[in-house]
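Notes follow the structure.
Here is the naming used below: chain letters follow the sequence lines, and residue numbers restart at 1 for every chain.
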There are 2 protein chains.
Amino acid sequence: MNVDKAMEKLKEEGYKYTDKRMDMLQLFKDESRYLAAKDVLEALKDKYKGLSFDTIYRNLSLFSDLGILETTELAGEKKFRFTCSTDHHHHHLICLECGKTRHIEKCPMDVSPVSAEGFAVTGHKFEVYGYCNECQES
Amino acid sequence: MNVDKAMEKLKEEGYKYTDKRMDMLQLFKDESRYLAAKDVLEALKDKYKGLSFDTIYRNLSLFSDLGILETTELAGEKKFRFTCSTDHHHHHLICLECGKTRHIEKCPMDVSPVSAEGFAVTGHKFEVYGYCNECQES
DNA sequence: AATTTTATAAGAATGATTCCGATTTAATAT
DNA sequence: ATATTAAATCGGAATCATTCTTATAAAATT
């Protein structure tokens, strides 16, 4: 997934092109890590004075619905990142400080699937937490 | 972990015995599933008119600090359950409807540990979601 | 350029959680 | 048993993330 593909997808689905959407996507592309709504606002508020949380949240949610962004919930906040270009299902190692990630290739559900009698499994979450190189120093 | 052991632990640590704490613990024992603060309030409000969220949250947090309750975050809410009596590290299959759980014995970090150059791993989360027998019917 | 539809701003509303000051209660000392 | 002290609780205000509402603005279409 990249910015152009994402904008194309928006168009296909009948959504409008706006500079704010473009810039939000570019931000996620540049940062390639998990960001919270307030991070996005912080990054764009200089360019767009009066930019509202509503706009941020509405677009984050839209992008997420269209598969442009991946989402997780961490420390009581929803966090978003550009969907990884690798197509196959995978998980992340996540820096608790800055949100930077590394891929985890092996999915535990492939390695040893979890199931239980009478229990209908619908999903799973596997995340490993820690601190990346840079964040360990501060 | 059980109610008596938990009350003992409270005593050891210099916390006071109160009926509300006792009843909260008994509730978790009886239910043996993940409950949110509001579930606890709901269950106890008849017996204790005017029971406040502050009391619930303060005690949930205390119990959690003392290792009496396990905690997870699900659908934007903190959820708590009595710490499983099995001592060893394990994970859960969780019913998204009622919070009931099953054990997952194999920890993915044992089966195939995740690590990365320069990344200091501090923790992980593995949860499998679905619907239990009873909740599938409704 | 006019019309239609979607996007946005600004702020109010919501829901979960935490904080605060005053009061009550459990444990301890008398 | 009573007085003292420290912790627990109440009730409501404050906070934080998120969603909703209504009026306005901007993009796409005619």
key: Length of the CG-P vector between Leu35(B) and dT17(C), whole Å   = 13 Å
request  = Using only heavy-atom distances, determine whether the side chains of His88(A) and Glu105(A) contain a donor-acceptor pair under 3.5 Å.
outcome  = yes
task = Please determine if Glu31(A) and Lys100(A) form a salt bridge, counting it only when a charged side-chain N lies under 4.0 Å from a carboxylate O.
result = no
message = Quick check: on DNA chain C, is the nucleotide nearest Asp19(B) upstream (toward 5') of the one nearest Arg21(A), or the reverse? Name the residue that is more 5'.
response = Arg21(A)
ask   = Over how many whole Å does the gap from Ile56(A) atom CD1 to dA10(C) atom P extend?
value = 13 Å
inquiry  = From the set dT17(C), dT9(D), dA9(C), return the single nucleotide nearest to any side-chain atom of Thr55(A).
reply    = dA9(C)
5'-most by nearest nucleotide on DNA chain D - Lys49(B) or Ser61(A) = Lys49(B)
message = Given dT18(C), dT8(C), dT6(C), identify the nucleotide with an atom nearest to the side chain of Asn59(A).
response = dT8(C)
message = Can you tell me how far apart CE (Met22(B)) and CG (Asp4(B)) are? Round to the nearest 0.5 Å.
response = 6.5 Å
Lys38(A) side chain, from C-beta outward: closest of dT18(D), dA28(D), dA17(D) = dA17(D)
request  = Between dT18(C), dA27(C), dT18(D), spot the one nearest the side chain of Lys11(B), thanks.
outcome  = dA27(C)
ask   = Going by the angle between their ring planes, with limits at 30° and 60°, are His103(B) and His90(B) parallel, tilted or perpendicular?
value = parallel
remark   = From CG of Leu25(A) across to P of dA7(C) the rounded distance in Å is 13 Å
ask   = Quick one: is Lys20(A) getting a side-chain N or O under 4.0 Å of the dA9(C) phosphate, OP1 or OP2?
value = yes
task = Would you kindly say whether Tyr48(A) and Asp23(A) are connected by a side-chain donor-acceptor distance under 3.5 Å?
result = yes
task = Run the salt-bridge test on Glu77(B) and Lys79(B) with the 4.0 Å N-O cut-off and return the result as yes or no.
result = yes
query = Quick one: which of dT18(D), dT8(C), dC10(D) gets closest to the side chain of Lys78(A)?
reply = dT18(D)
ask   = NZ of Lys79(B) versus C1' of dG15(C): gap in Å, rounded?
value = 14 Å
Selected nucleotide, minimal atom distance to Tyr15(B) side chain, candidates dT17(C), dA8(D), dC10(D) = dA8(D)
task = Go through dT17(C), dT21(D), dA17(D) for me and flag the one nearest to the Asp54(A) side chain.
result = dT21(D)
task = To the nearest Å, give me how far apart CD (Glu73(A)) and P (dT17(C)) are.
result = 11 Å
key: Inter-end axis angle, the helix from dA1(C)-dT30(D) to dT30(C)-dA1(D), with every axis fitted to five base pairs (rounded, 10 degrees)   = 20°
key: Closest listed nucleotide, where the reference is the side chain of Glu77(A) and the choices are dA9(C), dT25(C), dA17(D)   = dA17(D)
key: Phosphate contact (dT19(D) OP1 or OP2) by Tyr57(A) side-chain N/O below 4.0 Å   = no
task = For Leu60(A) and dA7(C), give me the distance from atom CG to atom P, rounded to whole Å.
result = 14 Å
remark   = The nucleotide from dT17(C), dA26(C), dA17(D) with an atom nearest the side chain of Tyr17(B) is dA26(C)
query = Does the separation of the ring centres of His124(A) and His89(A) fall below 6.0 angstrom?
reply = yes
query = To the nearest angstrom, how far is Tyr48(B) atom OH from dG11(D) atom P?
reply = 15 Å
key: Within 45° cone of Tyr17(B) ring axis and under 6.0 Å: Lys11(B) NZ or CZ   = no
task = Check every strand shown and say whether Thr18(A) touches a base, only sugar-phosphate, or nothing at a heavy-atom separation below 4.0 Å.
result = sugar-phosphate
key: Listed nucleotide nearest any side-chain atom of Lys16(A), set dT8(C), dC10(D), dT5(C)   = dT5(C)
query = Rounded to whole angstroms, how far apart are CZ on Arg58(B) and P on dG11(D)?
reply = 13 Å
